[in-house]
Amino acid sequence: MDAAKTIKELRERTGMTRKEFSEHTGIPVRTLEDWEAARRTPPEYIPRLIAYQLKYEELVREKEGKNGEDY
C-alpha cells in the first residue's frame with residue numbers, strides 16, 4: 001500500500017478530521033493534505049510511526065479501562 005493511502009486510512013480509522021489529526025500528531029494540515037493527495041511523499045518511516053503512535057494510544061486506553069473495572 002502506498003504512503004498516501006496508508007496515512008489517509010490511519011486518519012479515517014481515528015474518525016478525526018485532517019485538522020484534528022494534524023493537532024493530534026503535530027503534523028501541519030497542509031502537509032497531511034499533500035500526503036493524502038499524493039502531491040508529496042512522506043519519509044518511509046512516517047506512516048509506520050503514526051500507526052505505532054495510534055496503536056500505543058489504543059493500548060493505553062484499553063489498560064486504563066481495565067484498571068477502572070477493578071474498583
Side-chain angles (χ1 to χ4, degrees):
M1 183 180 306
D2 67 342
K5 256 186 163 172
T6 302
I7 290 173
K8 185 173 184 175
E9 286 181 5
L10 287 168
R11 179 183 61 78
E12 288 176 342
R13 270 195 272 161
T14 66
M16 294 182 197
T17 64
R18 283 189 185 109
K19 181 169 175 35
E20 292 167 338
F21 198 70
S22 166
E23 291 169 357
H24 186 75
T25 60
I27 300 168
V29 175
R30 177 66 89 195
T31 301
L32 284 172
E33 290 172 350
D34 287 347
W35 287 348
E36 287 186 9
R39 289 187 292 263
R40 292 177 47 204
T41 304
E44 68 175 78
Y45 67 89
I46 294 293
R48 287 194 321 265
L49 192 60
I50 293 170
Y52 290 144
Q53 176 186 358
L54 297 175
K55 183 64 176 175
Y56 173 78
E57 292 167 353
E58 178 184 330
L59 292 171
V60 168
R61 280 191 306 272
E62 287 176 7
K63 184 175 182 190
E64 288 173 350
K66 288 180 182 175
N67 286 343
E69 292 173 6
D70 293 339
Y71 295 103

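Here the structure is a predicted model, which is why all the values come from computation and not from measurement.
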- Item | Any Y56 side-chain heavy atom under 4.5 Å of L59 side chain | no
- Task: With rounding to the nearest 0.5 Å, note down the distance linking NZ in K19 to CD in E33.
- Result: 11.0 Å
- How far apart are the closest heavy atoms of E20 and G15, and which atoms are they? OE1-O, 4.1 Å
- Query: Quick one: NZ on K8 to CZ on F21, what's the gap to the nearest 0.5 Å?
  - Reply: 13.0 Å
- Task: Identify, with sequence neighbours excluded, every residue that meets side chain to side chain contact (heavy atoms under 4.5 Å, CB included) alongside E57.
- Result: H24, Q53, L54, R61
Under 3.5 Å, which donor-acceptor pairs link side chains of residues 37-51 to any protein atom two or more places apart or in another chain?
residue: R39; atom: NE; partner: D34; partner atom: OD1; Å: 3.0
residue: R39; atom: NH2; partner: D34; partner atom: OD1; Å: 3.1

- Message: Let me confirm one number: the OG1-CG distance from T6 to L10, rounded to the nearest 0.5 Å.
- Response: 6.5 Å
- Message: On a heavy-atom basis, which atom in R18 and which in V29 lie closest, and how many Å separate them?
- Response: O-CG2, 4.3 Å
- Should K66 and E62 count as an ion pair when the cut-off is N to O under 4.0 Å? no
